[in-house]
There are 2 protein chains.
Amino acid sequence: MEDKAPASIKQFEERLIDVSESLPKRLRQCADYVAANKDRIAVSTVAEMAEGAGVQPSAFMRFCRILGFSGFSEMQRLFRESYAGGWPDYSTRLKHLREKDEGSASALLGEFVDAGRASLENLLKTIDPRTLDDAVEALAKAQMIHIIGLRRSFPVASYISYAFEKMNVPAMLHSGVGGLDNHNAIRTGDVLLAVTFSPYSAETVDMVEAVSARGIPVVALTDTIVSPLRKFEAITLSVSEVDFGAFRSLSAPLCLAIVLSVAVGTKRSD
Amino acid sequence: MEDKAPASIKQFEERLIDVSESLPKRLRQCADYVAANKDRIAVSTVAEMAEGAGVQPSAFMRFCRILGFSGFSEMQRLFRESYAGGWPDYSTRLKHLREKDEGSASALLGEFVDAGRASLENLLKTIDPRTLDDAVEALAKAQMIHIIGLRRSFPVASYISYAFEKMNVPAMLHSGVGGLDNHNAIRTGDVLLAVTFSPYSAETVDMVEAVSARGIPVVALTDTIVSPLRKFEAITLSVSEVDFGAFRSLSAPLCLAIVLSVAVGTKRSD
DNA sequence: TCAAAAATAGAATTTATAGTCCATTTCTGA
DNA sequence: TCAGAAATGGACTATAAATTCTATTTTTGA
């Protein structure tokens, strides 16, 4: 009843405060319980919420209506969506895009910008500061930093290499030019910084394996936890970038890469 | 199948890593999607998860079983229970990071993420759709696309090169390996795609000049309007990236680069 | 104190979602 | 190349959850 449903958590909270003054007993219990347990809404059933509030499910339903929702489900949707951070569903959006705008370049731009922003936001949420610190620490102590990252990961690797050079950090980019490998350049006291994303290039995985076996520390920049680099003892920073079609904009990995570089550069200059 | 269900997120992750090596295609997709979107499990239905992973719901069910659960619900319960509801939203989280020890790696991360987001937003506002279309048009008509971008711009250039190759667009990256230039590879009918940001590398500017004089079309990806490339007749896409300290995260240029690549690739395949 | 209105509890119904089954396709190894 | 095994897609069923309905209780105000 009343007007329309809150469209954001903020609006929801305002509405809750508004309304809670003038509520009868049971509905008041609902309001109090919800206020204290907002985070449960996304993952509970009405029955559970009702029990928590000490009321009947039907009472809880009435409460949802008073807040302006059509029912519990609608209210729950608000919380579920805002939780997952609005990770957009790209495969379907891409389909739409194809049909609608015939993939006009500016429409594409909008999608990629969106994907990039979501990825960056997610990066902030998922990176563990401790692991990041460990990675910086390890790299800062290295005599020399070896960087590998091929194919899709090559832009990231090359940017790290550029940044290190600018900051006078001794680093070597293993780009495999001319098929010349330089595995033997990696010596005790050095650290390997490996960048790889699905599909993981065999060369990178091999190098990590070989180097790791020799007891040389490895810092890995990869996607998700199922990356093959997990097998080895490496300090692993995982970043997930939203796919859009077959491509990713690399925003998040690059952002992390530059942070890593600057942090290492700063630490070393102390 | 297998033994018993994981009893914690940690066990869940271990299990996921364990099995993910040896999974067939569809189940592998499930594993990858789940690894990258763990937070979604608590608030999604099987149908949604399956769609996200690009598989049938029944395949996703099989996947849950392989992980040791009796079905999706049991797996979901694990995540719902351990769901602490931790959403400090993006802006408050960012504030925290900033306030926390200045110069720590995570604080830096906050700054770069923010800079990246701002740059992307700005990109959307400043790109002229007409110019973008012109650029796509020109590149799509090219017999061969030559790409140049050195130093700071090299990651962008190399990513474009990667994307073109994936989409079967004939392209050549002029990376200057070994100081071997291949200026003569650029022939009538080709187009040059030049990427350069301040400080503009002389090699790139020279190449644009030479090529432009021969009447070969040039598409330039550069920053601001004072770029030296302005002198030549080029289709110029300008992107400004927010600086943070001496470095930029390249989010915006890369985003534009990938859009350009995908648009060109799509157009050519018609 | 009593009648009317509002609120509530619990059962009944509807809907959404998980979970199952089997025909078809795709791999694998001789 | 082919037979057997594994994997897959999609329709089907069972189940759990949301929602509605109504009889009963509680509150309100004259």
Side-chain angles (χ1 to χ4, degrees), chain A residues 1-2 4-6 12 16 19-34 37 40-81 83-84 89 91-92 95 226, chain B residues 1-2 4-6 12 16 19-34 37 40-81 83:
Chain A
M1 26 209 91
E2 329 280 296
K4 40 203 61 137
F12 174 89
L16 188 57
V19 126
S20 66
E21 299 294 308
S22 57
L23 252 28
K25 189 154 161 247
R26 294 282 117 107
L27 299 185
R28 181 77 209 233
Q29 284 171 246
C30 293
D32 291 347
Y33 183 74
V34 162
N37 300 278
R40 295 270 92 192
I41 297 173
V43 298
S44 303
T45 64
V46 239
E48 287 163 352
M49 293 301 291
E51 192 189 336
V55 305
Q56 287 289 322
S58 55
F60 201 89
M61 293 290 304
R62 252 177 308 128
F63 172 72
C64 297
R65 284 231 179 69
I66 283 169
L67 254 29
F69 299 100
S70 71
F72 176 71
S73 295
E74 194 178 312
M75 174 165 127
Q76 189 174 53
R77 185 159 33 241
L78 173 65
F79 282 82
R80 288 190 169 175
E81 272 161 16
Y83 169 67
D89 179 5
S91 47
T92 50
K95 226 174 284 163
V226 296
Chain B
M1 32 201 80
E2 330 281 295
K4 48 203 56 141
F12 174 89
L16 188 57
V19 301
S20 67
E21 299 291 307
S22 58
L23 288 176
K25 190 158 160 242
R26 291 283 115 105
L27 299 184
R28 181 74 212 233
Q29 283 171 244
C30 294
D32 290 347
Y33 183 74
V34 163
N37 301 278
R40 279 247 158 138
I41 298 173
V43 297
S44 302
T45 64
V46 238
E48 287 164 351
M49 293 300 291
E51 192 187 336
V55 305
Q56 288 287 324
S58 57
F60 201 88
M61 294 290 304
R62 250 178 308 132
F63 171 72
C64 297
R65 286 231 181 69
I66 284 170
L67 253 29
F69 299 100
S70 70
F72 177 71
S73 296
E74 193 178 316
M75 175 165 128
Q76 190 175 53
R77 182 154 40 240
L78 173 65
F79 283 85
R80 288 194 167 173
E81 273 160 14
Y83 163 101

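Model, not experiment: these values are computed from the prediction. In what follows, every chain begins at residue 1, and chains take the letters A, B, ... in the order their sequences are listed.
- One can place CD1 of B:I66 at 16 Å from C1' of C:dG19, the figure rounded to the nearest angstrom.
- Among the nucleotides D:dA18, C:dA9, D:dT8, the one closest to the side chain of A:V46 is D:dA18.
- Of the side-chain N and O atoms in A:Q56, one or more sit less than 4.0 angstrom from OP1 or OP2 of C:dG10.
- Out of C:dT8, D:dA18, C:dG19, the shortest distance to the side chain of A:P24 is found at C:dT8.
- The side chain of B:M61 sits closest to C:dG19 out of D:dA7, C:dG19, C:dG10.
- Put simply, the side chain of A:F63 reaches to within 4.5 Å of the side chain of A:V34, judged on heavy atoms.
- Of the side-chain N and O atoms in A:T45, none sit less than 4.0 angstrom from OP1 or OP2 of D:dA16.
- Between D:dT8 and B:R62, a contact under 4.0 Å exists linking OP1 or OP2 to a side-chain N or O.
- Distances from the side chain of B:S73 to the nucleotides D:dG9, C:dG19, D:dA18 place C:dG19 closest.
- The residue among B:L27 and A:S58 whose nearest nucleotide of DNA chain D is located toward the 5' end is B:L27.
- Between the CG atom of B:L23 and the C1' atom of C:dC27 there is a distance of 15 Å, rounded to whole Å.
- Residues A:F12 and A:F79 place their aromatic rings such that the two centres sit under 6.0 Å apart.
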